[in-house]
Number of protein chains: 2
Amino acid sequence: MTRIATLSETRSNCHDCRLRSLCLPDNLSKEDIGELDSIVQRRKPVARGAYLFQAGQRFNSIFAVRTGSVKASTLLANGDEHISGFHLPGDVIGLDAIVSRDHPSTAIALESTSVCEIPYAELESLGDRLPTLQHQLVRIMSRELLAEQSTGHLLTRRAAEQRLAVVLLKFSERFANRGLSALRFRLPMSRLDLGNYLGLVPETMSRTFRRLEEQGLLSIAGKEIEIVDVCAIKALAYGNNEGDLAAKA
Amino acid sequence: MTRIATLSETRSNCHDCRLRSLCLPDNLSKEDIGELDSIVQRRKPVARGAYLFQAGQRFNSIFAVRTGSVKASTLLANGDEHISGFHLPGDVIGLDAIVSRDHPSTAIALESTSVCEIPYAELESLGDRLPTLQHQLVRIMSRELLAEQSTGHLLTRRAAEQRLAVVLLKFSERFANRGLSALRFRLPMSRLDLGNYLGLVPETMSRTFRRLEEQGLLSIAGKEIEIVDVCAIKALAYGNNEGDLAAKA
DNA sequence: CACGCAACTTGACTGAAATCAAAATCGCCC
DNA sequence: GGGCGATTTTGATTTCAGTCAAGTTGCGTG
């Protein structure tokens, strides 16, 4: 099974970055992008399992994912792990730490991952001088708010099939936003982790994926997913009709 | 049963507003607050059931709740209502509309409610001139992000008692943040609406409240709630130990 | 390549929340 | 105060995801 979904390598400057329209440079003039460029630190790729930052760590920077993927994880008081999100290239991580000045969760690379690190104090200062940049930051935060609300909605649904259908459609859309196939993609996280995020145990994840495949909605090979019957998946996800939350996040 | 929890009337300017530290004026100098004041529109109280804005409506303003309470509601494709949040005095509403330029949900007053309306274009312009104001807006958005993540976490829990325990503790904390009793408060929303938010049907809400009361954790009179055994509620909410997410949102 | 561990699958069983149905209560308006 | 509609409660039953137990597969490391 060959690899279906791949993000091509992004360039080493914001102006030429393929993910520009999802990230801070969007809406900025060429000159302003140049200024932003000067504060962005392009970190070397980190290996799978590496931490970008840890919960409780002092907040200094936000991070834009360039390649790879990241999960946001919290260690609960009872020793369990809770996964609160998955970040793809183009996502900006760490915005939740701005208010409290420390990171509420740990960011762990799901595969080899490269990020742009943007020191927040410098971003803040630059934003004071470049209003468009500051506005773009606010827009990105608004976008993240919407995404979190959408997750909240999905998690009020009890049915495992529905939860899975919604999250697959959300991934589908996120991949499409990045120029990849909406119908065939590779999920970077384990079934276990995805289940943790969805509030479903591994047994249920296994059964639910299998049911969706047997019903002809999906075709699955390991982590490779093909959405076979988009209409049926959407009907399952949202009730009798398409769209609604999908159009927002 | 007399009314236990009440927010006193806020003053008609930002500087003297009791909710200042939860809202945009926080961290601003007296002069800057004066400038903010000049763009804030203090709307007359609206009646219970009134809309502050509707889903799909063009985004022009954000709203700070001064008195009363508001639910955020979305009409789903299948005709059902989904409730995505409850806003108390000091909360800033509408931040999720910044990116898409239209409101994703409808804001409905749960009781007589007054808000300060802040036209966003004016706020944006003022923020360009007053960096501290813009930074405060970003902090408020970061706070909202945290709160949404916390909701997401609660909703991965399957047990109705745990969901209810967590949400009561969150309300408890929010009331405490506003100078009210953390242990005795009146919930402004119906059991139906709270259940919708939690993904629990009315029957389960009824049973779960009753169980928590029978077990001695709560004392309930209609919408008035008293948390009787804080330790037991926290143990129920978070497993064997206190704190963790509670400390963040 | 072999081994060990983590991830995943499968089957049987259980229990909690949803569903269904109906009754009771509450709040609002005339 | 009465009526009506919405909300809430109560009881019986069903459903489905979690738990328990064990087996299988995949991946990474030496």
Side-chain angles (χ1 to χ4, degrees), chain A residues 1 3 47-50 71 73 78 80-81 83 108-112 154-167 186-215 218 220-225 236 239, chain B residues 1 3 47-50 71 73 78 80-81 83 108-112 154-167 186-215 218 220-225 236 239:
Chain A
M1 177 59 72
R3 186 178 176 98
R48 170 194 165 123
K71 71 176 176 180
S73 165
N78 61 13
D80 290 350
E81 177 186 31
I83 294 172
I108 303 166
L110 292 170
E111 55 194 323
S112 178
L154 114 78
L155 295 172
T156 57
R157 309 283 100 185
R158 172 175 149 99
E161 284 181 16
Q162 193 173 9
R163 287 186 180 198
L164 189 52
V166 172
V167 83
R186 183 190 147 271
L187 292 175
M189 76 297 290
S190 68
R191 291 267 180 88
L192 231 73
D193 279 353
L194 186 58
N196 183 312
Y197 174 72
L198 290 176
L200 300 173
V201 297
E203 292 93 333
T204 302
M205 289 296 283
S206 186
R207 293 188 176 101
T208 308
F209 264 116
R210 183 168 166 174
R211 277 204 307 271
L212 291 187
E213 192 175 31
E214 284 172 350
Q215 290 162 16
L218 300 181
I220 299 161
K223 291 186 177 181
E224 306 278 350
I225 306 283
L236 175 58
Chain B
M1 176 60 72
R3 186 178 176 100
R48 171 196 166 122
K71 71 177 178 182
S73 165
N78 61 12
D80 289 350
E81 176 186 31
I83 295 172
I108 303 165
L110 293 171
E111 55 195 320
S112 176
L154 116 77
L155 294 173
T156 57
R157 308 285 100 183
R158 170 173 149 99
E161 283 180 18
Q162 192 174 10
R163 288 186 179 197
L164 189 51
V166 172
V167 82
R186 184 191 144 270
L187 291 175
M189 76 297 292
S190 67
R191 293 267 181 87
L192 228 72
D193 279 352
L194 187 57
N196 184 311
Y197 174 72
L198 291 175
L200 299 173
V201 298
E203 292 94 333
T204 302
M205 288 297 281
S206 188
R207 294 188 176 102
T208 309
F209 264 116
R210 180 166 169 175
R211 275 203 311 271
L212 291 187
E213 192 175 32
E214 283 171 350
Q215 290 162 15
L218 299 181
I220 299 161
K223 291 186 177 179
E224 306 278 350
I225 307 283
L236 176 58

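All of these numbers come straight from a predicted model, not from anything done at the bench. Below, read A as the first sequence line, B as the second, and so on, with proteins coming before strands; counting in each chain starts at 1.
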To the nearest angstrom, how far is [X] atom [atom1] from [N] atom [atom2]?
X         : N       : atom1 : atom2 : value
Leu198(B) : dA18(C) : CG    : C1'   : 15 Å
Met205(A) : dC8(C)  : CE    : P     : 9 Å
Glu214(B) : dT10(D) : CD    : C1'   : 12 Å
Glu203(B) : dT10(D) : CD    : P     : 12 Å
Met189(B) : dT8(D)  : CE    : P     : 11 Å
Asn196(B) : dA18(C) : CG    : C1'   : 15 Å
Leu194(B) : dT9(D)  : CG    : P     : 12 Å
Phe209(B) : dT7(D)  : CZ    : P     : 16 Å

Please classify the nucleic acid contact of [X] as base, sugar-phosphate, or nothing, using heavy-atom distances under 4.0 Å.
X         : result
Arg158(B) : base
Arg210(A) : sugar-phosphate
Gly199(B) : sugar-phosphate
Arg163(A) : nothing

Taking all atoms of both residues into account, what is the closest heavy-atom pair of [X] and [Y], and its distance?
X         : Y         : value
Leu194(B) : Phe209(B) : CD2-CZ, 4.4 Å
Met189(A) : Lys223(A) : O-CE, 3.8 Å
Glu81(A)  : Ser73(A)  : OE2-OG, 2.7 Å
Arg48(A)  : Leu110(A) : CG-O, 3.5 Å

Taking the side chain of [X] as its heavy atoms from C-beta onward, which of [options] lies nearest to it?
X         : options                   : result
Val201(B) : dT19(D), dA18(C), dC20(C) : dA18(C)
Ala159(A) : dA17(D), dT19(C), dT9(D)  : dA17(D)
Arg207(B) : dT19(C), dT9(D), dA17(C)  : dT19(C)
Arg48(A)  : dA18(C), dG28(D), dG11(D) : dG28(D)

- Message: I'd like to know if Glu161(A) reaches the base of dC16(D) with its side chain, counting only an N/O donor and acceptor under 3.5 Å.
- Response: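 Not at all, since no donor on one side and acceptor on the other fall under 3.5 Å apart.
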
Looking only at side-chain N and O atoms, does [X] come under 4.0 Å of OP1 or OP2 in [N]?
X         : N       : value
Thr204(B) : dA18(C) : yes
Arg191(A) : dT25(D) : no
Arg211(B) : dA17(C) : yes

- Message: Checking the side chain of Glu213(B) only, and the main-chain atoms of Ile220(B) only, is there a donor and an acceptor separated by less than 3.5 Å?
- Response: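 Side chain of Glu213(B) to backbone of Ile220(B), a donor-acceptor pair under 3.5 Å: yes, one is there.
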
